[in-house]
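Chain naming here is simple, since letters A, B, ... match the order of the sequence lines and numbering starts at 1 in each. None of these values were measured; they are calculated from a predicted model.
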6 protein chains.
Amino acid sequence: MPDDHAARVAVLAQHPSTLKLVAIALDEDIGRGDVTSAAALPPGLRATATISTEEPCIVAGLFLARLAYQLVDPTLTVEVLLADGAMAGVETPAVKITGSAAAILAGERVVLNLLQHLSGVATLTRRFVDAVAGTGAAIVDTRKTTPGLRLLEKHAVRMGGGVNHRFGLDDGILIKNTHVALGGGTAVVVGRVRARAPASMKVQVECRSVSELEAALIAGADAVLLDNRSPKEAAALIRLVAGRVPVEISGGVTLANVAAYAATGADRISIGALTHSAPAVALHLSIEVQA
Amino acid sequence: MPDDHAARVAVLAQHPSTLKLVAIALDEDIGRGDVTSAAALPPGLRATATISTEEPCIVAGLFLARLAYQLVDPTLTVEVLLADGAMAGVETPAVKITGSAAAILAGERVVLNLLQHLSGVATLTRRFVDAVAGTGAAIVDTRKTTPGLRLLEKHAVRMGGGVNHRFGLDDGILIKNTHVALGGGTAVVVGRVRARAPASMKVQVECRSVSELEAALIAGADAVLLDNRSPKEAAALIRLVAGRVPVEISGGVTLANVAAYAATGADRISIGALTHSAPAVALHLSIEVQA
Amino acid sequence: MPDDHAARVAVLAQHPSTLKLVAIALDEDIGRGDVTSAAALPPGLRATATISTEEPCIVAGLFLARLAYQLVDPTLTVEVLLADGAMAGVETPAVKITGSAAAILAGERVVLNLLQHLSGVATLTRRFVDAVAGTGAAIVDTRKTTPGLRLLEKHAVRMGGGVNHRFGLDDGILIKNTHVALGGGTAVVVGRVRARAPASMKVQVECRSVSELEAALIAGADAVLLDNRSPKEAAALIRLVAGRVPVEISGGVTLANVAAYAATGADRISIGALTHSAPAVALHLSIEVQA
Amino acid sequence: MPDDHAARVAVLAQHPSTLKLVAIALDEDIGRGDVTSAAALPPGLRATATISTEEPCIVAGLFLARLAYQLVDPTLTVEVLLADGAMAGVETPAVKITGSAAAILAGERVVLNLLQHLSGVATLTRRFVDAVAGTGAAIVDTRKTTPGLRLLEKHAVRMGGGVNHRFGLDDGILIKNTHVALGGGTAVVVGRVRARAPASMKVQVECRSVSELEAALIAGADAVLLDNRSPKEAAALIRLVAGRVPVEISGGVTLANVAAYAATGADRISIGALTHSAPAVALHLSIEVQA
Amino acid sequence: MPDDHAARVAVLAQHPSTLKLVAIALDEDIGRGDVTSAAALPPGLRATATISTEEPCIVAGLFLARLAYQLVDPTLTVEVLLADGAMAGVETPAVKITGSAAAILAGERVVLNLLQHLSGVATLTRRFVDAVAGTGAAIVDTRKTTPGLRLLEKHAVRMGGGVNHRFGLDDGILIKNTHVALGGGTAVVVGRVRARAPASMKVQVECRSVSELEAALIAGADAVLLDNRSPKEAAALIRLVAGRVPVEISGGVTLANVAAYAATGADRISIGALTHSAPAVALHLSIEVQA
Amino acid sequence: MPDDHAARVAVLAQHPSTLKLVAIALDEDIGRGDVTSAAALPPGLRATATISTEEPCIVAGLFLARLAYQLVDPTLTVEVLLADGAMAGVETPAVKITGSAAAILAGERVVLNLLQHLSGVATLTRRFVDAVAGTGAAIVDTRKTTPGLRLLEKHAVRMGGGVNHRFGLDDGILIKNTHVALGGGTAVVVGRVRARAPASMKVQVECRSVSELEAALIAGADAVLLDNRSPKEAAALIRLVAGRVPVEISGGVTLANVAAYAATGADRISIGALTHSAPAVALHLSIEVQA
């Protein structure tokens with residue numbers, strides 16, 4: 001059962017971090033004004049423009065076109081033609097903008113930069129999701145996001161069919177091997193965390209061996225992370241867990257091996273590349289003088 | 001002769017947009033605090049950590065480690081071990097941090113996210129630069145940058161041996177085919193721009209045909225852009241220019257074909273993928289209790 | 001086992017929300033400058049001042065004195081004499097400031113306003129904690145905090161021996177009766193949430209009857225909230241839970257009845273008044289010309 | 001004759017400090033989004049909600065409900081049902097909100113926190129004002145306000161029938177005993193201030209004895225403050241002033257003794273507790289699916 | 001052929017720096033509220049006001065009246081009666097405002113301060129432009145602008161018929177004598193800059209002697225600046241340039257001597273006084289109760 | 001007896017509005033970086049620079065050189081050689097800067113723009129002060145300041161020997177003829193203001209006739225403003241006041257007639273031109289390679 005996408009997109013479009021990022025991006029690109037358009041275009045020219053896809057993809061972040069263009073020139077009309085998460089083909093129109101030609105061109109690059117990146121994240125996520133279809137494994141993102149774009153990238157992951165891991169260090173507990181090493185071993189650290197941690201959060205523990213896994217489960221871990229294991233090693237550890245808690249796999253997962261990891265019986269497979277290495281999807285804006 | 005890298009890095013590290021981005025990234029990740037470390041670590045634990053590369057790459061943005069960690073905890077000691085632009089191998093130490101273990105872990109993800117991305121941009125740029133070595137062509141970036149990271153990504157391009165195109169719509173003139181189409185043809189538009197444009201800027205014109213090229217040169221273009229031409233088409237047009245103005249090529253350039261484009265005699269080859277599709281370089285932070 | 005107070009205070013003192021609040025408070029009070037001191041004091045006068053308690057209390061937020069005075073005049077010397085959470089008596093010195101008399105007086109009111117309020121929260125929390133001593137019940141705060149001061153007030157609650165509930169709507173799940181009513185009943189809503197909610201979070205459910213309680217537990221609630229029940233009603237419901245999940249009580253809890261609520265066997269008792277109705281603790285600043 | 005309340009409220013609702021505080025409060029509470037409502041509610045659910053009082057009180061700050069809900073979701077309809085300063089009973093409806101159920105719940109806590117606190121300030125003020133009814137004494141606030149909320153709390157004091165003292169250190173002169181002690185005695189300090197102070201401001205002087213009072217009046221004080229005097233001491237000093245300048249009383253004033261202080265003939269009685277120790281008024285939001 | 005004034009003004013009115021400056025100016029003047037109007041005016045009074053010129057001038061910045069009054073009170077109606085750049089006489093109505101009298105007076109001073117200054121800049125520019133009419137010389141501004149007002153002042157210069165020089169250190173190259181002296185002489189420095197500078201920018205070089213001029217031209221300067229030369233010296237150097245590159249004159253230019261400088265054949269004459277020493281134009285706001 | 005200049009300058013240098021203005025000014029001028037110096041200077045070049053006056057003046061705002069250069073490059077050494085308010089001659093050194101040549105040049109224009117303007121205000125003020133020397137009249141500023149620079153310009157006025165009028169609409173009461181006209185006549189309006197206005201503020205009233213003057217005094221005005229009167233008219237009205245309250249003159253005051261106005265016996269003469277039309281003082285920065 002899907003959650004309330006429309007409401008979430010509305011919240012995201014209003015979120016202070018979204019507004020701040022779009023404003024920064026426009027300021028960064030437009031600066032003191034578009035000198036080319038100011039000089040090149042006939043005064044008062046009005047135009048109609050369409051943003052279309054150049055390749056098959058999952059679109060994401062289209063609402064940012066409206067947001068950005070409202071900041072550039074509130075008299076522009078912006079019509080979003082596709083729902084976030086929709087699959088688009090070659091030359092599918094996604095956004096239509098009408099109004100001052102100079103304003104449309106002033107915002108073009110920022111809008112395309114945002115949409116190309118977020119659609120890239122959604123599209124790559126979808127490829128991973130498709131690759132594990134039929135298994136019980138969810139494709140999950142990480143905190144390896146582009147600085148300033150975390151909420152938007154996590155949205156794009158959802159649009160691609162992925163599931164969000166924690167959004168920051170403050171809304172979920174994940175005891176990694178560094179905590180274990182610094183804190184005195186799995187049993188000690190998991191025990192300490194169970195005693196001190198916020199009551200609202202589950203305790204997930206990275207385990208690198210059978211003994212760590214057993215210590216974690218005995219100490220009361222609510223979930224387990226297996227990092228940088230081969231599919232075979234992971235499968236063995238998952239058999240040991242035997243369904244007592246959910247198991248997440250991470251590290252070294254690619255489109256080539258994700259199916260093998262999904263076949264281990266893992267509940268979740270988390271992949272940093274979804275957000276840090278997704279190639280941009282090709283989009284372009286075509287514009288013509290308003291009839 | 002290289003420009004003054006040290007001074008530029010100093011300026012960049014002080015730049016309001018850099019400080020704002022790093023603060024946003026930390027706020028986004030740390031939020032109300034790192035609940036795991038607060039619960040997992042023994043009180044007052046001090047540690048030493050090293051950020052190292054996991055694969056050969058050109059490092060970029062290392063100064064951001066110092067910046068970010070100063071915001072997290074000003075009592076940390078941060079030592080940057082490599083110069084931006086240096087080539088690193090597998091397991092090359094790049095940054096060393098000493099102080100509160102909790103603070104080191106709190107900033108880890110943001111610092112790695114920044115360094116992995118910028119080093120990715122620098123490394124991809126270097127691969128293009130190497131591919132055209134020996135020709136006269138410069139590898140040039142575009143405005144297709146990640147929102148909020150333009151100055152940093154343009155720095156990373158320089159660190160990879162690339163050259164920066166304009167930084168925004170306000171510091172350079174580039175008459176694209178959209179301007180030509182909306183404005184009444186090459187001759188009219190170039191003429192209008194020469195009359196109106198800031199005296200300090202050169203006029204670069206995108207040309208899609210022999211007739212546009214001739215019109216642009218007659219109208220006084222200072223430079224020419226050939227977009228989405230095959231190497232063969234580009235070479236023919238460049239012969240026509242015959243060195244009168246610099247020629248830039250863009251569109252569809254890949255590592256596979258960049259050498260062919262460079263062989264056309266183009267002065268500059270601009271590539272959006274340098275910034276919008278560079279895969280992250282793998283880095284990791286190892287940490288141990290301070291002896 | 002206490003968590004790492006020193007590290008948490010350090011984080012809090014660096015937190016963007018703390019810095020912003022202190023800056024707002026100073027701007028609000030000092031405005032364009034202290035006209036009285038500028039006119040009344042001899043030029044260049046240096047002084048020593050002490051902030052002391054006027055009544056027994058738990059002090060909290062003392063580090064804000066250093067923060068605020070650094071913004072007023074970085075040449076002031078500020079010495080914090082007590083640890084946050086310490087019990088103070090009548091006329092216990094808490095902070096000592098040395099430097100420009102005008103600067104000390106300019107920051108006085110803001111510093112006292114912050115310390116009086118936060119110490120008030122800590123002191124009231126301690127009275128509740130003392131009232132339930134010997135039972136297993138923890139005293140817990142709520143989201144009923146003063147706008148802009150949530151992190152600081154939650155810190156003060158900890159300093160008084162209390163435990164923090166979730167910090168916002170994004171780091172914990174609490175299904176209230178409104179969600180149950182709007183969403184189609186306890187079983188439906190708890191089921192929906194378990195399917196959709198972030199994997200890192202537990203699901204707490206408010207239950208107003210035996211049937212709701214049973215539905216919640218069957219649907220997989222991780223914790224239960226009993227709101228606005230009498231101690232007797234609460235005790236009956238808690239017997240029904242029989243230790244399967246932790247139980248929290250809220251609503252109508254006062255110093256007079258908190259012990260009765262604790263005697264029900266509840267694990268946690270949450271009290272909005274800790275933060276929204278704590279009377280300020282009386283503090284004062286005494287100042288004299290520097291010898 | 002009352003001043004222009006409607007205009008003042010309009011100004012306050014537009015004031016940068018109000019907008020900033022509401023934005024901070026929402027960010028603090030909603031963070032990255034309301035995970036419970038996102039998971040618990042059926043997609044697209046619309047509802048109607050009413051904020052009502054639970055106890056007799058003076059309401060204040062109701063306009064903030066509109067402001068906050070506009071930031072949460074501009075498509076919500078917010079109807080304010082009572083004027084600020086109105087007296088409400090038990091279960092008096094004060095604000096009605098219609099629209100997305102998720103949005104209404106997302107803003108609920110922030111709106112209630114603001115209204116409960118400000119109505120608490122107004123209600124406590126009114127109790128003091130009622131206690132001195134029939135005397136000539138005005139009930140006056142202080143700078144002992146909650147950091148970040150000064151303008152709003154001073155508004156609430158007015159709504160309760162109180163009068164505002166200066167808003168900051170920059171819009172009024174009050175020579176306290178610290179200034180007298182540091183500056184060389186009453187006569188010297190008052191003389192110095194009269195010579196240097198802004199021409200637009202009156203000079204108020206704290207006096208602790210007959211001799212200080214006489215020195216202040218001789219030196220040209222425009223008003224006098226008696227701090228921490230018993231009603232009897234204050235009455236004696238006020239007889240000495242004999243109406244030459246207005247007299248303000250402060251320090252140790254409670255609901256139990258305020259009438260005695262008013263009977264001294266004082267013109268103004270200032271009370272820090274109005275803003276730093278007013279208990280929150282109980283309000284609640286009830287919500288149901290839109291018919 | 002004039003550029004697109006309407007579009008540029010629209011961009012300027014939306015520019016972050018404009019919005020920020022207007023907000024700062026209002027905050028600076030209105031602070032916590034207009035105490036005089038709050039006390040002096042009958043509640044709810046509505047009025048009509050007109051801003052008119054008191055002396056012949058070129059008006060500039062009129063759109064700021066709309067912007068500022070929207071921030072003060074969005075229910076005000078603001079009608080701008082003249083186009084920026086229009087010539088006004090004595091008592092020419094420029095802006096009409098209708099609505100709350102208190103709001104009109106609250107914004108009056110900020111609006112007048114902005115319009116008086118910018119119209120002053122436009123008017124002074126026009127006097128210089130008129131003084132060189134019939135020569136080929138353009139009147140050009142500098143970076144000697146009022147901090148925070150650069151974009152607005154550069155707009156006012158255009159409205160007066162002037163031409164903008166670079167907007168900052170980042171959008172144009174100007175090698176001054178300091179660069180020459182620090183960098184090793186004209187030939188060396190111009191050569192170094194041509195090799196390193198952004199490809200989109202021309203290279204302008206300050207020359208103080210025949211030899212510097214010749215070195216600059218040989219090294220490839222795109223334009224030349226003659227600073228602090230007498231008209232006679234300038235004319236001689238311009239003859240030497242013989243139209244190879246555009247020549248700009250600066251330093252010591254006044255209304256008395258600008259025609260002599262224009263007669264030298266210079267292409268551009270840049271004048272810091274346009275922005276740093278333009279006297280304010282007298283404007284006033286008249287207001288009456290709405291009929 | 002002068003007030004505490006050193007303390008006031010320290011406060012001003014720390015004031016949020018000062019920090020914000022300097023940051024805006026630097027951002028406005030430096031933007032993405034100084035392309036000329038980056039290309040023209042040898043890498044790592046260090047230099048020594050001196051800011052000196054080119055004409056006799058009163059210097060003001062010198063502390064801003066330190067502030068601005070710290071933001072540009074915290075490793076620069078900045079030595080302020082004169083006290084604000086000092087009289088300087090031709091070629092008097094005022095500030096010395098040592099460090100990176102590129103950093104010194106990057107901040108040069110912003111620092112000079114600030115110092116030239118503020119010294120211009122101080123110098124013009126001093127000329128008015130000198131012109132009324134020996135009379136009892138003080139030279140007073142107005143709210144006709146440059147947007148964003150009010151605190152700094154008011155400081156410059158003090159440095160020139162002037163006296164500050166109110167800083168905004170919130171820290172002083174001035175009933176102008178608009179208030180009188182809108183509010184129902186002098187007697188009504190002054191009475192209303194006395195009843196409603198903040199107790200800490202005096203009531204100043206603009207009077208345009210004998211009858212208004214008498215009405216104002218009867219209604220309890222604390223001070224009087226005569227606007228746009230000739231010296232003769234003003235003298236007659238001042239005789240009527242006969243010392244009962246201070247009298248301020250404004251409107252049409254120039255260096256040519258200020259002595260005549262001072263001879264009327266007025267206590268204060270306020271002059272908008274001090275801040276809105278002061279010509280910049282000529283300063284320059286000379287720089288040489290560090291020995």
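- Shortest non-hydrogen contact noted between E:C57 and E:T123 is CB-OG1, 3.3 Å.
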- Message: Before you tell me yes or no, could you show the steps for E:S52 and E:H284 under side-chain hydrogen bond (donor to acceptor under 3.5 Å, both in side chains), namely the whole-Å CA-CA distance, both residues' side-chain angles and the distance that decides it to 0.1 Å?
- Response: CA-CA 6 Å; E:S52 309; E:H284 70 272; 4.7 Å; no
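- With respect to chain F, the highest number of heavy-atom pairs below 4.5 Å among E:M201, E:R143, E:Q116 belongs to E:R143.
- Proximity to chain E (any heavy atom under 4.5 Å) is shown, for F:S17, by neither the backbone nor the side chain.
- Only the side chain of F:I24 comes within less than 4.5 Å of a heavy atom of chain E; its backbone N, CA, C and O stay farther away.
- In this structure, the portions of E:A40 lying under 4.5 Å from any heavy atom of chain F include both its backbone and its side chain.
- More than 12 heavy atoms of other residues, nucleotides or ligands shown are found within 6.0 angstrom of CZ on E:R194.
- Of the residues E:T178, E:I175, E:V180, E:N177, the one that meets the side chain to side chain contact (heavy atoms under 4.5 Å, CB included) test with E:E206 is E:N177.
- Of the two parts of E:L112, neither the backbone nor the side chain holds a non-hydrogen atom closer than 4.5 Å to a non-hydrogen atom of chain F.
- Residue contact with chain E, scored on non-hydrogen atoms closer than 4.5 Å, is absent for F:K176.
- Taking chain E as the reference chain and counting heavy-atom pairs below 4.5 Å, the highest number among F:G168, F:P279, F:A106, F:P147 is found for F:P147.
- Two residues are said to be in side-chain contact when any heavy atoms from C-beta on lie closer than 4.5 Å; F:H179 and F:R192 fail this criterion.
- Of the listed residues (F:G148, F:G191, F:A25), the greatest number of heavy-atom pairs within a distance under 4.5 Å of chain E belongs to F:G148.
- No side-chain heavy atom of E:I271 sits under 4.5 Å from any side-chain heavy atom of E:T254.
- None of E:D171, E:L174, E:I173 except one satisfies the side chain to side chain contact (heavy atoms under 4.5 Å, CB included) rule with F:V35; the exception is E:I173.
- For chain E, the nearby parts of F:A197 are the backbone and the side chain; heavy atoms of each come within less than 4.5 Å.
- For E:E153 and E:T146, the side-chain atoms include at least one donor-acceptor pair closer than 3.5 Å.
- The most heavy-atom pairs under 4.5 Å with chain E, out of F:K144, F:H276, F:R32, come from F:K144.
- The two residues E:T186 and E:A216 have their closest heavy-atom pair at CG2-N, 3.6 Å.
- Residue F:E288 touches chain E through its backbone alone, counting heavy-atom pairs closer than 4.5 Å.
- Put simply, of F:L114, F:L169, F:V190, the one with the most heavy-atom pairs under 4.5 Å next to chain E is F:L169.
- Of the two parts of F:T142, neither the backbone nor the side chain holds a non-hydrogen atom closer than 4.5 Å to a non-hydrogen atom of chain E.
- Only the backbone of F:A278 comes within contact range of chain E, with at least one heavy atom under 4.5 Å from a heavy atom of that chain.
- For a residue to count as touching a neighbouring chain, one of its non-hydrogen atoms must lie under 4.5 Å from one of that chain's; by this rule F:L26 does not touch chain E.
- Looking at E:S286, neither its backbone nor its side chain comes within 4.5 Å of chain F, counting heavy atoms on both sides.
- There is no side-chain donor-acceptor pair under 3.5 Å between F:T48 and F:Q290.
- Put simply, of F:L21, F:V188, F:L182, the one with the most heavy-atom pairs under 4.5 Å next to chain E is F:L182.
- In this model, a donor atom of one side chain and an acceptor atom of the other lie less than 3.5 Å apart for E:S250 and E:D227.
- For the set F:G31, F:G183, F:G33, F:A273, the entry with the most heavy-atom pairs within less than 4.5 Å of chain E is F:G33.
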